[in-house]
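First the structure, in the form of C-alpha cells, and then the observations on it.
Residue numbers run from 1 in the order of the sequence given.
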Amino acid sequence: LLPGELRRLVGDWLLLLDGQTEACDARARRQAFEQHYVVDNSTAVKALLFGPFVYRKSGGQFTWIRDLWAAGESAVLSLDNLRGISEFALDCDSTDHTVTTCENETPFCRLKEEGCAGALVYTGGFPNGAVMRVLQLLAGHSYRWRHWGDSDLAGLRIAAMIHRVHPVRLWRCDLPELTRHRPYLRPLTSRQAQSARAFLHGHPTF
C-alpha cells in the first residue's frame, strides 16, 4: 500500500474500534489519530482550558494556568507540557469544584466571558489525547463534572467518552432542557437518524 492509503486504512480501523461509522473522512481520521496518540510530535495535540489549575512536575509547582485565569485568559497545554505531570488540580482557595466540559468552542467562550464558576475544558469535538490526559489527571479528585454538548449521536458519544473517565451529568443539553427548547431544535437528517438507530442496535445499553 502507498503511505497515504495505509494512513487512511489505519484511520478507518481506529474509527471502527471507537464505534464511529457515521463519518470516515479525513477530519474524523485526524481526530482518531490524535485520540490514540498517533502524532508526528508531542506539541501538535493541545488542550484548551480556563480555570485556576495548578500542577506539579519534576518536583516543582506550576501556577501559570491559574495566573492566566486570574487575568481572564485561557491556557493551552500540549502533550509535551502534560508529560511527567504528577498532580493536576484546581486551586482550592480560588473557586468551587465544578469542572465543565464543552464540546463546542462558542459555549466555552460564552461561559468564560460570563465568569462561569469552576473550571472549563474545551473538548474540540471528540477529545484528543491531550484533553483526555487532562481529564484523567482531574479524575483523581472529588470534583463535580458536567458536560455541555450537542444532542446528536456524535455529541452523546463524546459525553459517554468523558463519562468513562469520570461520572458526568449533561448540562443544558439533557432531556428536560431539550424538551423545553423543542421548537428550536434542528431535526436529524435521514442519514443521521439511520446512523443513530444502527448504533443503538449495536449498543442497546447506550
Side-chain angles (χ1 to χ4, degrees), residues 30-31 34-35 37 39-151 154-156 158-174 177 181:
R30 184 177 67 253
Q31 289 182 327
E34 291 180 355
Q35 290 168 28
Y37 306 97
V39 294
D40 294 329
N41 58 72
S42 59
T43 61
V45 183
K46 299 176 175 64
L48 178 64
L49 316 171
F50 179 72
F53 294 105
V54 295
Y55 63 88
R56 297 195 65 83
K57 182 176 180 178
S58 303
Q61 183 172 17
F62 294 76
T63 64
W64 62 274
I65 304 176
R66 184 194 64 192
D67 298 338
L68 286 175
W69 166 82
E73 300 178 14
S74 52
V76 176
L77 281 168
S78 69
L79 281 176
D80 183 49
N81 300 129
L82 290 163
R83 185 185 297 122
I85 288 181
S86 58
E87 184 179 358
F88 196 89
L90 293 170
D91 181 3
C92 296
D93 298 330
S94 300
T95 184
D96 73 4
H97 297 166
T98 300
V99 175
T100 303
T101 55
C102 293
E103 174 186 348
N104 300 302
E105 194 167 6
T106 298
F108 174 89
C109 293
R110 184 186 305 170
L111 292 175
K112 175 178 171 289
E113 292 165 0
E114 291 174 354
C116 178
L120 305 173
V121 178
Y122 171 50
T123 72
F126 283 89
N128 62 32
V131 174
M132 291 298 289
R133 181 56 183 153
V134 167
L135 298 180
Q136 290 162 359
L137 287 167
L138 292 174
H141 303 278
S142 56
Y143 300 146
R144 295 181 295 274
W145 287 41
R146 62 188 185 184
H147 175 71
W148 188 5
D150 295 339
S151 54
L156 294 175
I158 290 167
M161 287 179 64
I162 298 168
H163 191 74
R164 286 195 292 270
V165 177
H166 185 282
V168 64
R169 68 179 177 89
L170 297 178
W171 181 63
R172 297 189 177 182
C173 59
D174 56 355
E177 193 75 2
H181 290 90

Going by atom type alone, with no hydrogens or angles, which donor-acceptor pairs under 3.5 Å involve a side-chain atom of residues 109-118 and a protein atom two or more places apart or on another chain?
{"residue": "Lys112", "atom": "NZ", "partner": "Gly72", "partner atom": "O", "Å": "3.1"}

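A search for side-chain hydrogen bond (donor to acceptor under 3.5 Å, both in side chains) contacts involving Arg169 returns nothing, not counting sequence neighbours. Under the ring pair (Phe, Tyr, Trp, His ring centres under 6.0 Å) criterion, His181 pairs with no residue at all, not counting sequence neighbours. Residues satisfying the side-chain contact (heavy atoms from CB on, under 4.5 Å) test with Leu170, not counting sequence neighbours, are His147, Leu156, Ala159, Cys173, Asp174. In this view, Glu87 satisfies the side-chain hydrogen bond (donor to acceptor under 3.5 Å, both in side chains) rule with no residue, not counting sequence neighbours. In this view, Tyr143 and His97, His141 satisfy the ring pair (Phe, Tyr, Trp, His ring centres under 6.0 Å) rule, not counting sequence neighbours. The side-chain hydrogen bond (donor to acceptor under 3.5 Å, both in side chains) search around Ser74 returns none, not counting sequence neighbours. With sequence neighbours left out, Ala70 forms a side-chain contact (heavy atoms from CB on, under 4.5 Å) with no residue at all.
Atom CD in Gln136 sits 10.0 Å away from atom CG in Leu82 (nearest 0.5 Å). The CG atom of Leu77 sits 4.5 Å away from atom CH2 of Trp64, with the distance rounded to the nearest 0.5 Å. Rounding to the nearest 0.5 Å places CG of Leu79 at 9.0 Å from NZ of Lys46. Taking SG of Cys102 as the reference point, atom CZ of Arg172 lies at 9.0 Å (rounded to 0.5 Å). In this structure, CD1 in Ile158 is found 7.0 Å from CG in Asp150, a value given to the nearest 0.5 Å. Taking CG of Leu90 as the start and CG of Leu138 as the end, the distance is 6.5 Å to the nearest 0.5 Å.
When atom types are taken as modelled, the side chain of Asn104 and the backbone of Thr106 share no donor-acceptor pair closer than 3.5 angstrom.
The closest side-chain heavy-atom distance from Trp171 to Thr98 is not below 4.5 Å. Two residues are said to be in side-chain contact when any heavy atoms from C-beta on lie closer than 4.5 Å; His166 and Leu135 fail this criterion. Here the side chains of Val134 and Phe53 are not in contact, with every heavy-atom distance at 4.5 Å or above.
For the pair Ala130 and Ala47, the tightest heavy-atom approach, listed with the atom from each and the gap, is CB-N, 3.9 Å. The two atoms that bring Glu103 and Thr123 nearest to each other are CA-OG1, 3.2 Å, heavy atoms only.
Relative ring orientation between Phe62 and Tyr55 is described as parallel, the plane-to-plane angle staying below 30° on a 0-90° scale split at 30° and 60°.
Screening residues 71-85 for salt bridge (Lys or Arg N to Asp or Glu O under 4.0 Å) gives Asp80-Arg83 as the qualifying pairs, with residues at least two apart or on separate chains.
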